[in-house]
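Convention: sequence-line order gives letters A, B, ...; per-chain numbering from 1. Small disclaimer: the values here were computed from a predicted structure and weren't measured.
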Amino acid sequence: MIGAGRRRGTHRPGGSGPLLPGFLLTAVARLRTVAATMSVRVRIAPSPTGDPHVGTAYIALFNYVFAKKHGGQFVLRIEDTDRARSTADSEAAILRALRWVGLSWDEGPDIGGPHGPYRQSERSEMYQSEVAKLVASGAAYRCFCTAERLAEMRALAKGKSFVGYDGKCRGVDRNESDGRAAAGEPFVVRLAMPKTGETTLVDRLRGEVRFENTQIDDQILLKTDGFPTYHLANVVDDHRMGITHVIRAEEWLSSTPKHVELYKVFGWSAPEWIHMPLLRNADKSKISKRKNPVSLDYYRAAGFLPEALLNYLGTMGWSIAGDREKFTLAEMIEAFTFDRMSLGGPVFDLVKLSAMNADYLRALDDSGIVSRLREWRLGDDYLRQLVPLVRQRIQRMDEFVPMTELFFSGDLDYTPVAKDLVAKNRTAKDVADCLLGFVEALDVQRDFSHAALEAAARAFAEKIAWDPKELFMVVRMAATARKATPPLFETLAVLGRDLVRRRLRLCGEWVKRRP
RNA sequence: GACCCCAUCGUCUAGUCCGGCCUAGGACAAUGGCCCUUCAAGCCAUGAACACCGGUUCGAAUCCGGUUGGGGUCGCCA
């Protein structure tokens with residue numbers, strides 16, 4: 001039943017009963033299509049908790065293209081409900097990176113729009129008032145369980161078929177619940193999922209997907225701190241912002257029934273669901289920073305052209321035609337349809353991306369390449385950062401290029417420093433663990449000034465009980481493949497977080513692999 | 001483990017909806033050659049896949065079922 005006609009356009013939720021004659025059906029379908037065409041509104045909703053992710057650009061691209069194809073709007077919304085991890089810095093980096101790849105939005109936190117604010121942290125009252133309605137109607141309830149109890153519960157459920165929340169507080173009497181809340185006892189609010197039956201949804205790419213309700217636990221909607229979880233905020237905002245199509249990564253598919261239930265209890269009509277395949281590492285697991293560079297800033301720093309990256313992302317799961325893989329954004333919009341999606345998770349392949357980048361680079365004329373090089377690292381700004389690092393060392397200008405070569409390279413060859421990398425009192429594993437551990441520390445180090453880096457390095461040295469000097473030397477060699485360099489932290493600061501982390505990780509892995 | 005999704009060359013994919021035109025096409029990578037002072041580029045060529053089993057059918061990569069395999073989710077993260 002599901003098999004027939006799925007994933008090839010023919011699939012449309014809604015009435016198609018045999019009650020209408022064919023020509024009328026066609027007319028209705030046409031009307032519906034026109035209506036949908038006029039009203040398409042989609043969004044990308046990144047969480048500002050880290051580096052701008054290549055997966056965000058991927059999903060944003062398909063949202064953008066779909067919106068433009070149908071003359072609709074593409075909205076950028078910031079999902080910063082995780083107060084502990086969200087940073088303004090990360091948000092700015094995400095916007096900058098998205099703009100760098102060539103995407104733009106019709107509404108967003110930076111440009112405003114009729115459905116603002118576009119930052120969830122500024123919409124708290126909306127979630128509060130919406131969730132109050134659910135509690136009043138009994139569709140949601142307060143849960144007073146402590147984190148400790150939940151952890152115990154999960155430990156107990158390990159290996160069992162159901163591992164979600166056991167519903168303990170669902171039976172708490174309303175008066176008691178009100179009283180405890182009034183008395184200041186901390187609580188979260190959970191959605192009271194139906195305990196029987198099933199929830200079905202129609203995914204544009206897969207057709208009907210069904211879930212037994214017994215498999216779905218009572219999702220937290222409001223956290224103890226009063227902030228909403230993704231599930232609540234996303235549904236409330238999508239509804240209020242008039243989002244018609246939710247185009248997001250497949251990892252959301254299993255929580256979609258919770259969202260479907262939320263739309264139901266709110267009495268709102270749900271958007272169309274479109275779950276995109278996940279970008280993968282070479283081993284087919286979900287793309288991750290340990291196995292792939294995932295920061296858009298890395299791709300920029302590594303000299304990829306944004307239009308090449310965007311084109312490549314457009315070939316991930318989608319094809320414009322059987323024998324064609326190079327196309328512009330405009331061509332993609334022109335040709336776009338979800339009917340040409342394939343659902344196997346595409347492996348993100350740097351080698352193929354590089355080949356495509358080569359095509360784009362070589363298609364430029366000479367001065368085109370020159371201006372790209374200037375935008376990249378051969379501009380005054382970058383050169384000026386280099387000068388303080390070499391002015392004490394330079395005697396003639398002809399030494400500048402060889403002296404600063406490492407600031408213009410990508411991945412390095414560590415063979416020349418191989419024997420020095422692992423000191424006599426250390427094993428290769430020590431050094432690799434150290435490097436990889438330091439990279440993890442740098443992942444959350446947004447301030448990349450030399451002073452902040454030095455503080456971070458000293459703290460890390462203490463943590464792993466290494467002499468700071470030894471750590472500094474290992475980091476120096478990993479970041480530069482040399483033993484003699486300009487001052488370490490100034491060097492790292494100029495190289496930037498993406499290049500530094502990439503080199504340190506590669507060096508760590510290289511050391512580990514070496515016999 | 002439970003639930004959900006997926007399944008064509010090593011990788012990205014075309015073909016699958018509407019079964020025959022598929023001795024399965026293109027691209028990246030690989031290999032060999034041509035070109036060339038060298039390298040790169042370019043050009044030519046080669047190897048490389050319908051996961052498996054069963055069913056439906058005159059005919060299946062294509063439809064159905066099962067198996068296997070891979071992935072995702074199971075957070076007061078998104």
In terms of the angle between their ring planes, are Y298(A) and F304(A) parallel, tilted or perpendicular, with boundaries placed at 30° and 60°? tilted
Using a 4.0 Å heavy-atom cut-off, does V163(A) contact any base of the nucleic acid, only the sugar-phosphate backbone, or nothing at all? base
Please give the nucleotide sitting opposite A2(B) as a Watson-Crick or G-U wobble pair, both distances under 3.5 Å, or none. U73(B)
Expressed in whole Å, how much space separates the C1' atoms belonging to C12(B) and A2(B)? 33 Å
Answer yes if the side chains of D89(A) and T87(A) hold a donor-acceptor pair under 3.5 Å, and no otherwise. no
Taking a pair to mean Watson-Crick or G-U wobble geometry with both distances below 3.5 Å, U56(B) pairs with none
Looking at A40(B), which nucleotide sits across from it as a Watson-Crick or G-U wobble partner, both distances under 3.5 angstrom, or is there none? none
For R280(A), which contact category applies under a 4.0 Å heavy-atom criterion: base, sugar-phosphate, or nothing? sugar-phosphate
With a 4.0 Å cut-off on heavy atoms, is V347(A) in touch with a base, just the backbone sugar-phosphate, or nothing at all? sugar-phosphate
Give one of base, sugar-phosphate or nothing for Y230(A), where a contact means two heavy atoms less than 4.0 Å apart. base
Using a 4.0 Å heavy-atom cut-off across all strands, classify T315(A) as base, sugar-phosphate, or nothing. sugar-phosphate
Could you tell me whether T81(A) contacts a base, only the sugar-phosphate backbone, or nothing, with contacts defined as non-hydrogen atoms closer than 4.0 Å? sugar-phosphate
In terms of the angle between their ring planes, are H275(A) and W273(A) parallel, tilted or perpendicular, with boundaries placed at 30° and 60°? parallel
